[in-house]
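The block underneath contains the structure these notes are about, expressed in structure tokens.
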Amino acid sequence: MTGTVRSITSEAILGAHLIVGLDVDTRGEAEAVVEALGETVSLYKIGYQLFYGGDGLALGKALIAAGKQVFFDLKLLDIDNTVEKGVAAVAGTGAAMLTVHAYPKAMKAAVRGAEGSGLTVLGVTVLTSMDDADVAEAGYGRDAAGLVMLRAAQARDIGVGGVVASAHEAEMVRGIVGERLAIVTPGIRPSGSAAGDQKRVMTPREAIAAGASHLVVARPIVAASDPAAAARAILDEMSGGTRLA
């Protein structure tokens, strides 16, 4: 991350959101996590693992009907018409968020598909499992930060609702996209946690200080013996001891 971490304002603290990633195999496992969390968490991410293998679409609709918010992390990338129609279909479920890869044509198609709905389209800049060597191996002529900068600027200009980026790039991205766009940061690990397969990670407090608006946490909550207690500890860490609503 370049520059100095910005100070944490009360507005940043109160505006930050915890997203729990339901990275489990089955709908039953996911429902057990949601039940254990109760009213502690209101926003859930459903990704490939659960969506394709565990009835994730139906679960997402059920969660929405129960008053929860759902983030479908599907990272769409295809021809324009397919992306547009796919996004429109997801918007029809009442989902709160959906990811597409931050290629300009895909983002433009996604904006068209989400038009008139409450769906926030998020452009995925560079996966948090990738570092400079991975980006180079993929054939890009930029380092990871340079590619994030390019895609963040394109996302801003195209008019998506936010971007997904490493917390290590959040301060830089915030300077590019301004205060209006959401910055969703995976790779969040509470203090003392293992990084797992992520290469660019931060603690919740650091991520908010850097400019993130939404923090995605999966394993440290889902795999905990007491998911609600784990979530509350992360909320405390996000707020520096002042519990978030």
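Since this is a predicted model, take the numbers as computed values, not measurements. Each residue takes its place number in the sequence, starting with 1. Atoms considered below: every heavy atom in the structure, side chains included; atoms not considered: hydrogens, waters and symmetry mates.
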* Check against side-chain contact (heavy atoms from CB on, under 4.5 Å), F71 and T120 -> CA-CA 9 Å; F71 165 20; T120 296; over 6 Å; no
* Euclidean distance, L50 CG relative to D25 CG, rounded to 0.5 Å -> 8.5 Å
* To do: Give the ring-plane orientation class for H17 versus H214, where under 30° counts as parallel, over 60° as perpendicular and anything between as tilted.
  => parallel
* Ignoring hydrogens and geometry, is there a side-chain-to-backbone donor-acceptor pair from R156 to G178 under 3.5 Å? -> no
* Structure fact -> S129 and D134 have their tightest heavy-atom pair at O-OD2, 3.6 Å
* Asked: Are side-chain heavy atoms of K45 and D23 found at a separation under 4.5 Å?
  -> yes
* With E31, the side-chain contact (heavy atoms from CB on, under 4.5 Å) member among E29, E35, R27 -> R27
* With a cut-off of 6.0 Å (strictly less than), are more than 12 heavy atoms of other residues, nucleotides or ligands near NZ of K68? -> yes
* Asked: Rounded to the nearest 0.5 Å, what separation is found between the CZ atom of R112 and the NZ atom of K85?
  -> 10.0 Å
* Starting at NZ of K105, measure out to CG of D80 and round the result to the nearest 0.5 Å. => 4.0 Å
* Hey, what do you get for CD1 (I46) to CE (M97), rounding to the nearest 0.5 Å? -> 14.0 Å
* To do: Walk me through it: do R232 and T40 pass the test side-chain contact (heavy atoms from CB on, under 4.5 Å)?
  => CA-CA 7 Å; R232 286 193 295 268; T40 307; 3.8 Å; yes
* Asked: Out of L215, T203, I208, which one pairs with E237 under the side-chain contact (heavy atoms from CB on, under 4.5 Å) rule?
  -> T203
* Asked: Which of parallel (below 30°), tilted (30 to 60°) and perpendicular (above 60°) describes Y103 and H101?
  -> perpendicular
* Residue pair T93 / F72, side-chain heavy-atom distance below 4.5 Å -> yes
* Asked: What are the two closest heavy atoms between R174 and A212, and how far apart are they?
  -> NH2-C, 4.4 Å
* To do: Please confirm whether the backbone N or O of Q69 pairs with a side-chain atom of Y44, one donor and one acceptor, at under 3.5 Å?
  => no
* Asked: Looking at D131 and A144, what are the two nearest heavy atoms and their distance?
  -> C-CB, 4.4 Å
* State, to 0.1 Å, how close A152 and V173 come at their nearest heavy-atom pair, and which atoms those are. => CB-CG1, 4.1 Å
* Asked: Got I188 and V216 here, is their nearest side-chain heavy-atom distance under 4.5 Å?
  -> no
* Nearest 0.5 Å, what's the CG-CG distance between L98 and L76? -> 5.0 Å
* **N/O donor-acceptor pair under 3.5 Å between D78 side chain and V83 backbone** => no
* Is there a side-chain contact between M107 and V100 (heavy atoms, below 4.5 Å)? -> yes
* Please walk me through it: do M202 and T185 pass side-chain contact (heavy atoms from CB on, under 4.5 Å)? -> CA-CA 9 Å; M202 266 192 181; T185 58; over 6 Å; no
* To do: Check the pair D73 / V164 against side-chain contact (heavy atoms from CB on, under 4.5 Å), numbers first and verdict last.
  => CA-CA 10 Å; D73 185 18; V164 179; 6.0 Å; no
* Asked: Any side-chain heavy-atom pair from V148 and M172 closer than 4.5 angstrom?
  -> yes
* Asked: What's the spacing between E206 CD and E171 CD if we round to 0.5 Å?
  -> 12.5 Å
* **Heavy-atom pair with the smallest gap, counting every atom of P204 and I234** => CG-CG2, 3.9 Å
* To do: Find out whether V135 and D143 are in side-chain contact, i.e. whether some heavy atom of one side chain is under 4.5 Å from a heavy atom of the other.
  => no
* **For L22 against L63, the heavy-atom pair lying closest together** => CD1-CD1, 4.3 Å
